[in-house]
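Quick notes on the structure that follows.
Numbers here simply count residues along the sequence, with the first being 1.
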Amino acid sequence: MKRCVRMAGVLAHAGSLAACGLAPVLEVKVPIPVECRIETPARPAMPTEALAAGVDLDRFSASALAEIELREGYEGELRAALEGCRATPVIAAKV
């Protein structure tokens, strides 16, 4: 008799636990701050910095134009690195 009562109690607990498993699952997206692990791009050597003092105007102009192109490329790399660090991963947690 004790065995039947005990079995009924176990079945009742198992039934209540099974009912909990049927509850709807709510998915919540939570932003979690993560350390930025993107390396800063190396600054390129600028052509005008390597010029000697008193260089002619043609060579200086060519170096300045080349430097503008280098700086724009470097700026693009810096922006991409910044955007990579700004992007916050969102982890879905089930509640």
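Each of Leu65 and Leu57 belongs to its own hydrophobic cluster when Ile, Leu, Val, Met, Phe, Trp and Tyr are linked at side-chain heavy-atom distances under 4.5 angstrom.
Between the CG atom in Leu82 and the CD atom in Glu77 there is a gap of 13.5 Å [rounded to 0.5 Å]. The distance from atom CG of Asp56 to atom CG of Leu51, rounded to the nearest 0.5 Å, is 9.0 Å. Expressed to the nearest 0.5 Å, how far CD of Glu83 lies from CD1 of Ile38 amounts to 9.5 Å.
Using a distance-only test at 3.5 Å, with no hydrogens or angles considered, a donor-acceptor pair links the side chain of Glu67 to the main chain of Thr48.
By the neighbour-count criterion of 12 heavy atoms within 6.0 Å, atom CZ of Arg59 is sparsely surrounded, having that number or fewer from other residues, nucleotides or ligands. Counting non-hydrogen atoms of other residues, nucleotides and ligands closer than 6.0 Å to CD of Glu39 gives a total of 12 or fewer.
Contact record, Ser63 with Pro47: O-CB, 3.7 Å, taken as the closest heavy-atom pair.
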### Task
Could you walk me through whether Glu49 and Arg43 pass salt bridge (Lys or Arg N to Asp or Glu O under 4.0 Å), step by step?
CA-CA 13 Å; Glu49 294 170 355; Arg43 181 181 181 272; 2.8 Å; yes

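A search for side-chain hydrogen bond (donor to acceptor under 3.5 Å, both in side chains) contacts involving Glu69 returns nothing, not counting sequence neighbours.
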